[in-house]
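Below you'll find the structure, written out as structure tokens, and then a few comments.
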Amino acid sequence: MPELPDVEVFARDFASRGLNRKIESVDLRDPDRLRGSAPQDLRAALNGYAFETVKRHGKVLFVKVSCGWWLVMHFGMTGFTAFYDDPADEPGHARLVVGFADGGFFAFDNQRKLGWLELTDDVRAYLRSQGIGPDALELDEAAFREVISGTRGSVKPALMDQEKIAGIGNVYSDEILFQAGIAPEHKGNQLDGQQLARLFEATRNVLRQAVECRADPARMPDDWLTPRREDGDDTCPRCGRPLETCKVGGRTAHFCSHCQA
DNA sequence: GGACATGTTTCTCA
DNA sequence: TTGAGAAACATGTC
Ligand SMILES: [Zn+2]
């Protein structure tokens, strides 16, 4: 679930449901999910306070606590957030459960434990220290072109490199390349001006529209690639030919060799 | 049993 | 320096 559009959906949900509610309990079910701080530090930073601001950068979610610290959430491949009132609605792999004084709960769910939590007092410094680059939706066209055309390797791994551009993962990089008509193994420095322009446009459009679809493939347009992946339909939504896969940057790329060059 | 899965980190090798 | 590839992390599904 967790690429930029998914995390943006979590962020909006958090902003509308999680702020200004007094925290009454902090249950870190899996202490190994917390990095850089001890469980009691997390409890001390949350208990008795309230979440007051939400910020997303790339695939990372930051929530400011009224004590001044930020709770940082990395989702890995299977993470998500949940708000609920009935404990019976707790998700199946909640690694952190925060209870509010009004009786409700917040959970950070992380089935595969590839995600983690941290505390920081400075978001900018945190991003710098983690080597996380500019957010995919904040990067302007000139900077985007510079990053991609300065890559000698394949374009797909470049799009997924969080240091170059933050927020794009395996699924959305495939969608972006499909809509731009560019093959995943095309070299970044061999793209012409038109291709770079198409790639930039596709990046913006895909990420923005995916957010509008609430990152739900079922809501995405019929001519998108992502819903096919979800449904196991291996025909190209634009030309009907069979889709292909290849390994790029250690991940499986899905693409149409007829529509993408 | 094996392959694979929306991610990141670390290490090897060219 | 850049980048490709693999392994590791942990869990679940086909
Ligand atoms: Zn096609």
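Here is the naming used below: chain letters follow the sequence lines, and residue numbers restart at 1 for every chain. From a predicted model like this one, the values you see are computed outputs, not experimental measurements.
- Here the P atom of nucleotide B/dA5 and the CG atom of A/Asp174 are 11 Å apart, to the nearest Å.
- Summarising the geometry, the separation between CG on A/Leu114 and P on B/dC4 is reported as 17 Å, rounded to the nearest angstrom.
- Remark: A/Thr151, A/Arg152, A/Gly153, A/Ser154, A/Lys164 in residues 142-166 of chain A come within less than 4.0 Å of DNA chain C through at least one heavy atom.
- Under the side chain to side chain donor-acceptor pair (under 3.5 Å) test applied with A/Arg228, the options A/Asp223, A/Thr235, A/Asp222 reduce to a single match, A/Thr235.
- The CG atom of A/Asp234 sits 16 Å away from the P atom of B/dC4 (whole-angstrom rounding).
- Across all strands, A/Arg33 comes closer than 4.0 Å to no nucleic acid atom at all (heavy-atom distances).
- The gap from the P atom of C/dG3 to that of B/dT6 amounts to 23 Å, rounded to the nearest Å.
- A/Glu230 has its CD atom 11 Å from the P atom of B/dT6, to the nearest Å.
- If you take NZ of A/Lys113 and C1' of B/dA5, they are 18 Å apart, rounded to a whole angstrom.
- Shown are A/Thr81, A/Val60, A/Asp109; of these, the side chain to side chain contact (heavy atoms under 4.5 Å, CB included) with A/Phe75 is made only by A/Thr81.
- B/dT12: Watson-Crick or G-U partner is C/dA4, with both key distances under 3.5 Å.
- Between C/dT1 and B/dT8, the two P atoms lie 24 Å apart (nearest whole Å).
- In summary, the side chains of A/Asp122 and A/Thr120 do not present any donor paired with an acceptor at a separation below 3.5 Å, with no hydrogens or angles considered.
- Per the geometry, CZ belonging to A/Arg112 stands 13 Å off P belonging to B/dC4, to the nearest Å.
- Note: A/Phe14 and A/Phe51 have perpendicular aromatic rings, judged against thresholds of 30 and 60 degrees for the angle between ring planes.
- Between the P atom of B/dT6 and the CD atom of A/Glu175 lies a distance of 14 Å, rounded to the nearest Å.
- A salt bridge links A/Glu8 to A/Arg12: one of the charged nitrogens lies within less than 4.0 Å of a carboxylate oxygen.
- Closest approach of A/Ser149 to A/Asn189, counting heavy atoms only: O-CB, 3.3 Å.
- Looking at A/His57, its side chain does come within 3.5 Å of a backbone N or O of A/Gly133 through a donor-acceptor pair.
- Distance noted for atom P between C/dA6 and B/dA3: 13 Å (whole Å).
- Within the structure, a side-chain polar atom (N or O) of A/Lys59 is placed less than 4.0 Å from OP1 or OP2 of B/dG7.
- The environment of A/Glu163 atom CD is sparse: at most 12 non-hydrogen atoms of other residues, nucleotides or ligands sit within 6.0 angstrom.
- Salt bridge A/Lys113/A/Asp32: absent, no basic N to carboxylate O contact under 4.0 Å.
- For the pair A/Arg251 and B/dT6, the criterion of a side-chain N or O lying under 4.0 Å from OP1 or OP2 is met.
- Nucleotides C/dG5 and B/dC4 place their P atoms 15 Å apart, quoted to the nearest Å.
- At a threshold of 4.0 angstrom between heavy atoms, the contacts of A/His93 are confined to the sugar-phosphate backbone, with no base atom among them.
- Heavy-atom contacts of chain A under 4.0 Å fall on DNA chain C between two terminal nucleotides, which in 5' to 3' order are C/dT2 to C/dG12.
- One atom, NE2 of A/His254, and another, P of B/dC4, lie 11 Å apart when rounded to the nearest Å.
- The main-chain N or O of A/Arg95 is never found under 3.5 Å from a side-chain atom of A/Arg33 such that the two would form a donor-acceptor pair.
- Remark: C/dG12 base-pairs with B/dC4; criterion is Watson-Crick or G-U wobble with both hydrogen-bond distances under 3.5 Å.
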